[in-house]
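By convention in this document, chain letters (A, B, ...) are assigned in the order of the sequence lines, proteins followed by strands, and residues within each chain are numbered from 1.
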Amino acid sequence: MDMTAEMTPERRAELDARVQRKLKKRYRAAKRFHFYCVGSLVLAISFLAFFFTDMISKGHSAFQQAHVQVDVDYAEKNLRFTKRAIAEDMHDIVSRGWLRDLRRVKKENPELVGTKAVAWALADDEVDQYLKGNKDLTGDDNTVEQKALAARIDALKADGKIKMKFNVGFFTNGDSKIPEMSGLWSAMVGSILVMVLTLLFSFPIGVMTAIYLEEFAPDNRLTQLIEININNLAAVPSILFGLLGLAIFINFFGVPRSSALAGGLTLGLMTLPVIIISTRAALRAVPDTIRQAAYGMGCTEWRTVRDHVLPLSMPGILTGTIIGIAQAMGETAPLLIIGMMAYIPEAPEGFLQAATVLPAQIFTWAGMPERAYVERTAAGILVLMSVLILMNASAVLLRKKFERRW
Amino acid sequence: MTMNLAATDLSKTPTAKESPVKIACTDVNLWYGDKHALKGITLDLKQNEVTALIGPSGCGKSTFLRCLNRMNDQIKGVRIEGSIMMGETDLLDPKLDVVNLRTHVGMVFQKPNPFPKSIYDNISYAPLMHGLVKKGSECDDLVEDSIKKAGLWDEVADRLDASGTGLSGGQQQRLCIARAIAVQPEVLLMDEPASALDPISTATIEDLIQELSDSYTIAIVTHNLQQAARVAGYTAFFYMGDLIEYDNTGQIFTNPGQKRTEDYITGRYG
Ligand SMILES: Nc1ncnc2c1ncn2[C@@H]1O[C@H](COP(=O)(O)OP(=O)(O)OP(=O)(O)O)[C@@H](O)[C@H]1O
Ligand SMILES: [Mg+2]
């Protein structure tokens, strides 16, 4: 194009026409791009919505549990062979676990011993599932006994002697081989212990490492090598951290297998690169002018970091940490290797006792055939997801709250 | 940039007094890696005088300024030779305590960079850190004094708790000046302190520089030649890492000794 040519009206018109032609194309491209973006968003949201509706429809029933009214004879001898404490025709309706626990009455409610009373007993899982419509007892495939059981349940229900109550046991019981007795308590305690250890281990080490690498380390081969390795570690499949944890913590340092300590250290190892990388990003986002201002008035490097750079990057660091911990919270593969996928009916009382965590509990239940475990699997997922959403939401809130204009 | 120097009222140019030397630079050479950025700079900064550093972009003004408080230490791959004497101390001595040096040589940057803290904390931070004052009324007095000296008091007296970053650009820059003088340095380095400001704020800062020169030795980098003429007793002209000419400002602007200086101040360089 001849830049020096005189600007005649014809030339002006010609230039305008060119711009117009191009402009249409540009608008079309912008529209297409917008459409792709919205499209992917809709797709992602619909996957999520599908997953959630599926989990809620499968899992919501686990928060309710059938209870049945029975006459209990707390006679001394009945508390040893507890089946005799209730009428014979209730044996297949009342939970075996509930009957077993009658033995504890002597210790926990001694005033009841020797009396007779009406109690709301936990119902057997078959009864529960029948009432929830998950299990058919009246179909052509069912045995005569099952059909009779169904008839008795219906009769009890008509009498108001069976009703659904909020499933407190799901949150206060540990895992159990009796489906209606099993709950999340021990896994929740295990998860909390493991997360506390993960945080204690990975946060200080991660933040310190990041500060050193970002603010103090000389730029040489060694630090470059370290940097590459850290970025690499963040991408390593998590199961390898399990193997590492097994080799270092359990075999070498003798940390008890399956313990919260072994889990916390292993997950801490896994979270470390995430925290290092997000901390470095947060430190880098602090403008250099702030550092110069601090140096210029006689701050040492350490003072500059402590008084200016670190406080300004704290929201970013915390956000990254929460996301890293949330990731660790949902992790199962490395815990499989260090033996945390175990059957743990009692909540651990310390960092050295055998423990399990929420996702491991979900995994265990998912492998069980009984219908009651299927709904518990979904309900467990709902609980885990709620905790994760809560954590991630707090990360977002934190970021929003401390967002800064320079 | 074309400069009409006739429009500059040179009668206002501060006349250089015969002042003692505050900082004596001898044959200072600086390399960024392979790049020779300062080539044998020899120049004396006079006590309680304003020295303007002028020259085209990239000629090494900021680099030279940063030598005086060792801010180049923060940049990787820098090598410096020569000597910069302030009294008996060589500022380039690798064993020199730079933290201590920076309490004697303060700096104001091109872009206002207040800390995202309150106005009060911006000022009091460094004096408290260095133990120059105690918390309480002594510190309050220093803060008030520094802000008054920087000509900002009337605008912020009633909101010392407000964030320093919430001020306007010109106010922020004056806050940074107040922050620098609160440490009570002997030398004040200013790198284009008014380049982002409107004419009124610029004038405020120029007046301030004039006043401060009673008690401080000031080196100021500027692209605004009228500004150099207005505030500086001495002017140094840099060109591609060389110090071409250094003399009192009147001499440089009315009767430059070098062709290149003349070309620059008459606007013949871009
Ligand atoms: N950190 C650095 N690393 C490498 N080279 C640099 C660095 N800082 C400056 N330089 C180079 O040194 C020379 C002098 O830079 P300097 O910033 O001192 O120029 P200046 O005179 O202040 O320019 P301006 O007026 O644009 O601010 C330039 O050529 C620049 O490219
Ligand atoms: Mg510069």
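We find the CD-CE distance between A/Gln292 and B/Met107 to be 8.0 Å, quoted to the nearest 0.5 Å.
Contacts of residues 295-310 of chain A with chain B at a heavy-atom distance below 4.5 Å involve A/Tyr295, A/Gly296, A/Met297, A/Gly298, A/Cys299, A/Thr300, A/Glu301, A/Arg303, A/Asp307, A/His308, listed in sequence order.
A heavy-atom distance below 4.5 Å is found between the side chains of A/Ile290 and B/Pro116.
Taking all atoms of both residues into account, the shortest heavy-atom contact from B/Phe115 to A/Ala293 is CE2-CB, 3.9 Å.
If you measure heavy-atom distances from B/Val105 to chain A, the contacts under 4.5 Å come from the backbone alone. Contacts between B/Pro114 and chain A at a heavy-atom distance below 4.5 Å involve the backbone alone (N, CA, C, O).
The most heavy-atom pairs under 4.5 Å with chain A, out of B/His130, B/Lys76, B/Gln74, B/His104, come from B/Gln74.
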